[in-house]
Protein chains: 2
Amino acid sequence: MDDDKVFKALADPGRRMLLDRLCARNGQTLGQLCETMDMKRQSVTQHLGLLEEANLISTVRRGREKLHFINPVPLYEVYERWIRKFEEGRLSLLHDLKRELERKKT
Amino acid sequence: MDDDKVFKALADPGRRMLLDRLCARNGQTLGQLCETMDMKRQSVTQHLGLLEEANLISTVRRGREKLHFINPVPLYEVYERWIRKFEEGRLSLLHDLKRELERKKT
DNA sequence: AATATATGCAGGCAAATACCTGCGTAATTA
DNA sequence: TAATTACGCAGGTATTTGCCTGCATATATT
């Protein structure tokens, strides 16, 4: 998995919105996704392309339509390999700062 | 919390590396962080500024030095409000795609 | 006081990004 | 078959981004 592509894909609010829409109703067509997106179809296509490159969605062609499905695996992996590390040390990390702030006052 | 700033801050590999360095040793100065960063000090400063704006780090001045500390809270919140939603529906989301693929074959 | 160290601030520039318009193609429907 | 629908592809452009150089300021050391 390419961490960087996943993070960059998540960096845009429009793309996060697309993931949200798909989370609410999986397997939507490009046209359906466009209806709620306040930008041109071609722009939505570009965003969906980046999401697919990051492996965050998968697509299936059905006739002239293209269906979009969420792939939750990369998000889970990013969490496992990235977020959890900080979560584990959460209390001690916060303590470091607090201790330094105390050190200044005295 | 500003989700967008957090995601954008995480979108750059250099900034993720800075967070990694601070996770390994919290409370480093700008100079110390620069030693491992293969870019000019001023660029590192810019990255640290974005991380601070996203509230991912906090800083404390001590004399002529500036110490940097991780703030793990926004990462945890992003996980809670964002990643977990997809994790919960993980199996069913994957099933949607699988079912559609089966539908095509038959 | 003079020098060295640690950081701040301003501006410039090439590349990436996020939109757009215009046109082409494949699949359905009348 | 003709018209419609759903989507793909190729640029064009204004903005943002990430890096740099050059200079200024504040603290520490000799």
Side-chain angles (χ1 to χ4, degrees), chain A residues 2-22 25-54 56-69 97 100 103-105, chain B residues 2-22 25-54 56-69 97 100 103-105:
Chain A
D2 189 336
D3 279 0
D4 195 53
K5 284 189 179 177
V6 175
F7 279 111
K8 282 198 161 57
L10 292 174
D12 184 83
R15 289 193 286 271
R16 292 199 299 279
M17 186 169 293
L18 284 168
L19 287 181
D20 259 338
R21 299 277 183 277
L22 286 177
R25 184 152 64 96
N26 210 4
Q28 294 188 62
T29 68
L30 172 58
Q32 288 172 327
L33 290 169
C34 284
E35 289 171 14
T36 56
M37 279 305 286
D38 198 35
M39 64 178 73
K40 295 296 170 186
R41 172 180 54 86
Q42 291 89 332
S43 302
V44 176
T45 299
Q46 258 185 322
H47 286 304
L48 290 170
L50 289 182
L51 289 172
E52 190 167 12
E53 276 228 9
L56 285 166
I57 64 174
S58 298
T59 59
V60 179
R61 288 214 68 130
R62 188 165 67 193
R64 63 183 167 183
E65 294 178 320
K66 190 174 188 179
L67 307 181
H68 299 77
F69 294 86
L97 174 59
E100 180 60 29
R103 217 180 77 88
K104 281 199 64 168
K105 288 180 191 165
Chain B
D2 188 337
D3 279 0
D4 196 52
K5 284 190 179 177
V6 174
F7 279 111
K8 282 198 160 59
L10 292 174
D12 184 84
R15 289 193 286 272
R16 292 198 299 277
M17 185 169 295
L18 284 168
L19 287 181
D20 259 339
R21 299 277 183 277
L22 286 178
R25 184 152 65 98
N26 211 5
Q28 294 187 62
T29 68
L30 171 59
Q32 288 172 327
L33 289 169
C34 284
E35 289 171 13
T36 57
M37 279 304 286
D38 197 36
M39 65 177 73
K40 295 296 170 187
R41 173 180 55 83
Q42 291 88 333
S43 301
V44 176
T45 299
Q46 259 186 323
H47 286 304
L48 289 169
L50 289 182
L51 288 172
E52 190 166 14
E53 275 229 10
L56 285 165
I57 63 174
S58 297
T59 59
V60 179
R61 288 214 67 129
R62 187 165 67 192
R64 63 183 167 185
E65 295 178 320
K66 190 173 187 180
L67 307 181
H68 298 78
F69 294 87
L97 174 60
E100 181 60 29
R103 217 181 78 87
K104 280 198 66 168
K105 288 181 192 165

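Every chain is numbered from 1, with letters handed out A, B, ... down the list of sequences. Bear in mind the structure is a predicted one, so any value in this text is a computation, not a measurement.
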Starting at atom [atom1] of [X], determine the distance to atom [atom2] of [N], rounded to an integer number of angstrom.
X: B/Gln46; N: D/dT16; atom1: CD; atom2: P; answer: 15 Å
X: B/Met39; N: D/dT17; atom1: CE; atom2: P; answer: 16 Å
X: A/Glu53; N: C/dA16; atom1: CD; atom2: P; answer: 14 Å
X: A/Gln32; N: D/dT5; atom1: CD; atom2: P; answer: 16 Å
X: B/Leu48; N: D/dC19; atom1: CG; atom2: P; answer: 12 Å
X: A/Met17; N: C/dA18; atom1: CE; atom2: C1'; answer: 15 Å
X: B/Phe7; N: C/dT17; atom1: CZ; atom2: P; answer: 18 Å
X: B/Arg41; N: C/dT5; atom1: CZ; atom2: C1'; answer: 11 Å

- So does A/Gln42 reach the base of D/dG11 with its side chain, donor to acceptor, closer than 3.5 Å?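 By the distance-only test, no, there is no pair.
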- Task: Record whether the side chain of B/Arg61 comes under 3.5 Å of the base of C/dG8 through a donor-acceptor pair of N or O atoms.
- Result: no
Please tell me if [X] has a side-chain N or O lying less than 4.0 Å from either OP1 or OP2 of [N].
X: A/Lys66; N: D/dG8; result: yes
X: B/His47; N: D/dC19; result: yes
X: B/Lys8; N: D/dT17; result: no
X: A/Ser43; N: C/dC20; result: yes

Which nucleotide in the set [options] lies at the smallest distance from any side-chain heavy atom of [X]?
X: B/Leu30; options: C/dG8, C/dA18, D/dC19; answer: C/dG8
X: B/Lys40; options: D/dC7, D/dG18, D/dT21; answer: D/dT21
X: B/Arg64; options: C/dA27, C/dC23, C/dA6; answer: C/dA6

- Task: Return yes if some donor-acceptor pair links the side-chain N/O of B/Arg16 with the main-chain N/O of B/Leu10 below 3.5 Å, else return no.
- Result: yes
- Donor-acceptor contact below 3.5 Å, side chain A/Glu100 vs main chain B/Val60: no
- Message: Please compare A/Arg15 and B/Glu65 by the position of their nearest nucleotide in DNA chain C and report the one closer to 5'.
- Response: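 Between the two, 5'-proximity favours B/Glu65.
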- Item | Residue closer to the 5' end of DNA chain C, A/Leu50 versus B/Thr45 (nearest nucleotide) |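 The 5'-side residue here is B/Thr45.
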- Correct closest heavy-atom pair for B/Ala9 and B/Arg15 would be O-NE, 2.8 Å
- Shortest non-hydrogen separation from A/Lys5 to A/Ala54 and the atoms involved: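 Looks like O-CB, 3.6 Å.
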- Task: Give the intermediate values and the outcome of side chain to side chain contact (heavy atoms under 4.5 Å, CB included) for residues A/His47 and A/Met39.
- Result: CA-CA 11 Å; A/His47 286 304; A/Met39 64 178 73; 3.6 Å; yes
